[in-house]
Amino acid sequence: AIMKYESQAKAVRGKLFNILEYRNFQSIISYLLSRNLYHESLSFINTILNDSRIKKKGVPYQLYARIMNLIVHYELNNQDLLESSIRSFEYYVSKNHVGLNFIKHTLNFFRAVSRSRNRFKDELEKYNKALIPLMEIPVEKVHLFDLIDSGWLQQKGIPIKARGLRPMLM
C-alpha cells in the first residue's frame with residue numbers, strides 16, 4: 001500500500017487538493033518514521049513541502065513536514081541537508097509569523113545536535129523538559145501531538161504515557 005501511495009506522491013507533487021490528502025500523507029510519514037524507513041518517507045515529506053497551493057490552511061502540515069524533514073536528515077546523517085533544512089525552516093517560520101514555542105524549541109534542539117552528535121542525549125533531555133509544559137497549552141499541544149504520533153521521541157527514549165485519547169510526555 002505504501003508503494004502505491006509513493007507513486008501517487010510523485011504523481012501529485014505540488015498538487016495536493018485538500019486537507020484529507022495532507023492528513024493521509026502525514027499518517028504515512030509517521031508510519032514510515034516509526035519503522036525507520038527514512039529514505040522512503042522523503043517523497044511524502046517533499047510532496048507537502050513543495051506543494052505550491054498550500055496557503056495558510058496548510059501551515060500545520062508544512063510545520064509537520066518540516067519537522068519530519070529535520071528528523072530524517074538527522075537520522076540519515078545528512079549534515080549539510082540538516083543545516084540547510086534548519087535555515088529553511090527558520091525562514092518559513094519568520095515569513096509566516098509562526099510564534100509557537102514548540103517550533104522554537106524544536107529548532108534549537110536540531111541546531112544543537114547538528115553541531116555535535118555527541119550531545120544528542122543531553123540535548124534530547126533538555127528538549128523533553130522544554131516540551132512538557134507545552135502540553136498544557138492547546139495551540140502548542142496540537143503540534144506536539146504530531147511529533148509524538150511519529151513515534152520518534154519514543155524511539156529515542158522519551159517516555160510517553162496515555163492520558164485520555166492522546167499520548168502525553170512524561
Would you confirm whether [X], through its side chain, and [Y], through its main-chain N or O, come within 3.5 Å as a donor-acceptor pair?
X	Y	result
N69	A65	no
T106	F102	yes
N128	L124	no
E75	Y38	no

Heavy-atom closest pair, residues [X] and [Y]:
X	Y	answer
I67	I103	CD1-CD1, 3.9 Å
N101	E140	N-OE2, 2.8 Å
S41	L32	CA-CD1, 3.6 Å
L70	S85	CD2-CB, 3.7 Å
Q79	R115	NE2-N, 4.4 Å
L33	Q155	O-NE2, 3.3 Å

Would you say that [X] contacts [Y] through its side chain, given a criterion of any heavy-atom pair below 4.5 Å between the two side chains?
X	Y	result
V142	P60	no
L100	L63	yes
F110	H73	no
L144	I148	yes
I71	L147	yes

Centroid-to-centroid, F109 to Y74, below 6.0 Å?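 F109 vs Y74: aromatic centres not under 6.0 Å.
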Between L76 and L42, does the side-chain contact (heavy atoms from CB on, under 4.5 Å) criterion hold? Intermediate values first, please. CA-CA 11 Å; L76 294 175; L42 280 173; 4.3 Å; yes
When rounded to the nearest 0.5 angstrom, what distance separates [atom1] in [X] from [atom2] in [Y]?
X	Y	atom1	atom2	result
I29	D146	CD1	CG	10.5 Å
W152	N36	CH2	CG	11.5 Å
D122	R119	CG	CZ	8.5 Å
N78	S84	CG	OG	11.0 Å
H97	K95	NE2	NZ	10.0 Å
H105	L131	NE2	CG	7.0 Å

With a 4.0 Å cut-off on N to O distance, would you call E125 and K121 a salt bridge? no
Pair R117 + E123: basic N to acidic O under 4.0 Å: no
Are S150 and Y64 close enough that a side-chain donor and a side-chain acceptor fall under 3.5 Å? no
Find out if a path of hydrophobic residues (ILVMFWY) with successive side-chain heavy-atom gaps under 4.5 Å connects L37 to L81.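 Cluster IDs for L37 and L81 differ.
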Salt bridge (charged side-chain N to carboxylate O under 4.0 Å, His left out) involving R111 - partner list, sequence neighbours excluded: E90
Quiz item: cation-pi between R66 and Y92, 6.0 Å / 45°: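 Here R66 passes the 6.0 Å and 45° test against Y92.
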Once you measure the plane-to-plane angle for F25 and F44, does it fall in the parallel (<30°), tilted (30-60°) or perpendicular (>60°) bin?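 Perpendicular.
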Report the C-alpha distance between N108 and K104 in whole Å, list the side-chain angles of each, state the deciding distance to 0.1 Å, and finish with yes or no for side-chain contact (heavy atoms from CB on, under 4.5 Å). CA-CA 6 Å; N108 287 340; K104 180 183 86 173; 3.9 Å; yes
